[in-house]
Amino acid sequence: MLKENTIQVFEHSFLPVKGKFEQRHFVALSNLNALHNYQYFDLKHNGVVFKQFVGVIQVDGLTIEILPKIDNHNEDEAIWQKALIEMLRVTKKLKVQKVDQANVNRQNIHLLDLYFEWFLNEVQTLIHQGLIKQYYKETSNVKALKGKLEFSGHLSKNLVHKERFYTTHQVYNKDHLVHQILFKALAIVEKCTKGNYLYSKCKTVQLDFPEVKNISVTEATFSKIPKTRKTAPYETALAISKFIILNFAPNISSGSENMLALLFDMNNLWEEYILARLKQSDRDVNVYGQLSNPFWNGISIRPDIVIEHQSEKFIIDTKWKNISYSKPSTHDLRQMYVYNDYWKSTKAMLLYPAKKSHFDGFVKFQDHHIHEYVMHNEEKIKQHECGLGKISIFKENTTDLNDKIGNEIIKWFTAEK
């Protein structure tokens, strides 16, 4: 049974304005979409059509979970919620133990709460280890002359109070930028967890946390964090803080509601998930992501994944879409040829998710597919092959993610049995 204030939808689905999803929620979501260049969803006059972004949005007490889905055969939200959480865990976007199906079915798992709990646990660990002090400069009135006297400020502020000095001086305590950022994130978690089990945990952490200044935090603030041996243990907590703070939009609509959106582009998540599974394989290969080669006039070519096996190179381009009843586009095939050519690879693969894994093998390129883009060279064309791979993310006849798909994909390239 879903929580009363939660809606679950699938990517690319339509959510009409009715029931739990009211007009005020629709207005807030349209403003959020405008802030992000209309990339998250398309607005209709009576609802929202979601795009390829999955995750969770919380607005004015309503939580909307957007789940991935690759076919029309299985519309069990609990299965896809569990799959999304596991994919985020494998790609290290979420730290959580493997999710138990029984817990998912009881709706004890909530994506936003998992992030909040991860953050609170990290802060609790830091508190138990002992929060660090740092030196920083402060300009204020003090009762003893120390540091640099700010003469003009001293004259304007202390004409009456002759016993005070307006100075810029060094302070060594816990009220510094790192803790101010964590404090800001704790305040957001407090606002977003009212009414559930994490609220009391958040209040406990806040009580144990030192009093610090309430500062305005933007993306630029995080670039000012000093990277030292003392701040190294804060790395994870600060990373989650950044994710929470920069995705929190207070007073985004004309009302007073607060909004938090933690959304992931499913195309990027699929690419990172396949890369992670390939790196976990027990095959004798080297796997790389995000490699690029110069192409033309400052433009680079970047295949999703490059695999090195003995003296050979293989290319994978991941596509998060159902291709059961269609063929890859001519553009995609030309792109794979160029990848092969520039990376001196012999085999390239377009890799799609599917209900059942299937691979027919590699096929040599033919001249008529690519003549618009390359010089006619029959021998060169015959050196390159492309395959279309369909991989199931689930173990056969289960709802558990298949942690061996890396091995399966590599076998397709190396023709191992």
Side-chain angles (χ1 to χ4, degrees), residues 56 58 92-96 111-144 146-148 150 153 164-252 258-262:
V56 61
Q58 189 179 86
K92 296 184 168 53
K93 296 182 184 297
L94 179 60
K95 185 179 180 181
V96 65
L111 184 58
L112 199 56
D113 289 346
L114 287 173
Y115 269 92
F116 290 157
E117 189 162 20
W118 183 19
F119 174 66
L120 293 174
N121 288 340
E122 288 289 331
V123 177
Q124 275 187 325
T125 300
L126 291 169
I127 291 171
H128 292 153
Q129 289 174 349
L131 296 175
I132 63 170
K133 293 181 179 181
Q134 282 190 336
Y135 284 106
Y136 64 94
K137 287 186 177 181
E138 181 178 83
T139 301
S140 63
N141 261 326
V142 292
K143 292 184 178 180
K146 57 180 179 179
K148 176 187 174 185
E150 301 293 343
R164 295 180 183 172
F165 302 91
Y166 192 70
T167 68
T168 297
H169 50 276
Q170 277 198 330
V171 177
Y172 184 65
N173 63 24
K174 294 177 180 177
D175 187 5
H176 49 76
L177 182 61
V178 172
H179 290 161
Q180 290 160 1
I181 290 172
L182 297 183
F183 176 80
K184 194 78 173 181
L186 283 170
I188 294 172
V189 173
E190 179 196 356
K191 286 181 180 179
C192 295
T193 56
K194 284 184 179 176
N196 78 13
Y197 73 101
L198 284 176
Y199 181 73
S200 60
K201 182 171 184 174
C202 181
K203 296 300 288 184
T204 300
V205 174
Q206 285 176 314
L207 284 172
D208 293 335
F209 204 77
E211 287 189 25
V212 298
K213 294 185 188 71
N214 184 9
I215 64 169
S216 175
V217 180
T218 65
E219 189 159 7
T221 310
F222 289 90
S223 64
K224 299 174 184 175
I225 298 172
K227 292 191 176 181
T228 66
R229 179 179 53 80
K230 292 176 71 175
T231 59
Y234 286 75
E235 188 175 326
T236 300
L238 286 169
I240 310 171
S241 294
K242 183 176 183 178
F243 199 47
I244 292 172
I245 294 169
L246 297 185
N247 288 286
F248 180 70
N251 306 320
I252 195 167
N258 295 313
M259 179 180 293
L260 184 62
L262 300 180

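Fair warning: this is a prediction, and the values are worked out from it, not measured in the lab.
The side-chain hydrogen bond (donor to acceptor under 3.5 Å, both in side chains) test applied to Q124 returns no partner, not counting sequence neighbours. The side-chain hydrogen bond (donor to acceptor under 3.5 Å, both in side chains) test applied to K184 returns N214, not counting sequence neighbours. Every residue two or more places apart in sequence or in another chain was checked for a ring pair (Phe, Tyr, Trp, His ring centres under 6.0 Å) with F183, and none qualifies. Annotation: side-chain hydrogen bond (donor to acceptor under 3.5 Å, both in side chains) contacts of E117 (sequence neighbours excluded): Y197. The side-chain contact (heavy atoms from CB on, under 4.5 Å) test applied to E211 returns no partner, not counting sequence neighbours. In this structure, F222 has no ring pair (Phe, Tyr, Trp, His ring centres under 6.0 Å) partners at least two apart in sequence or on a different chain. With sequence neighbours excluded, no residue forms a side-chain hydrogen bond (donor to acceptor under 3.5 Å, both in side chains) with D208.
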Would you list the atom pairs, donor with acceptor, under 3.5 Å between side chains in residues 235-245 and any protein atom, with sequence neighbours excluded?
from	atom 1	to	atom 2	distance (Å)
S241	OG	A237	O	2.8

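Between the side chains of K201 and N196, not a single donor N or O lies within less than 3.5 Å of an accepting N or O.
Separation of atoms SG (C202) and NZ (K191) is listed at 11.5 Å; rounding is to 0.5 Å. For the atom pair CG (L260) and OH (Y115), the distance works out to 11.5 Å, reported to the nearest 0.5 Å. The CG atom of L131 sits 8.5 Å away from atom CG of L182, with the distance rounded to the nearest 0.5 Å. Rounded to the nearest 0.5 Å, atoms OH (Y199) and OG1 (T204) are 10.5 Å apart. Interatomic distance, OG1 of T193 versus CD1 of I188, reported as 11.5 Å (0.5 Å rounding).
Taking every heavy atom of both residues into account, L94 and W118 meet most closely at CA-CZ3, 3.4 Å. Nearest heavy-atom pair, Q180 versus K213, reported as atom, atom and distance to 0.1 Å: CG-O, 3.5 Å. A pairwise comparison of heavy atoms in I132 and Y234 identifies N-OH, 3.1 Å as the closest pair. Taking every heavy atom of both residues into account, P233 and L126 meet most closely at O-CD2, 3.5 Å. Closest of all the heavy-atom pairs between F248 and M259 is CD1-O, 3.3 Å. Scanning all heavy atoms of the two residues, the minimum distance from T231 to P226 falls at OG1-O, 2.9 Å.
The residue from V212, T221, L186 that alone fulfils the side chain to side chain contact (heavy atoms under 4.5 Å, CB included) condition with I181 is T221.
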Do L198 and V189 pass the side-chain contact (heavy atoms from CB on, under 4.5 Å) test, and can you show the C-alpha distance, the side-chain angles, and the key distance before you say yes or no?
-> CA-CA 9 Å; L198 284 176; V189 173; 5.8 Å; no
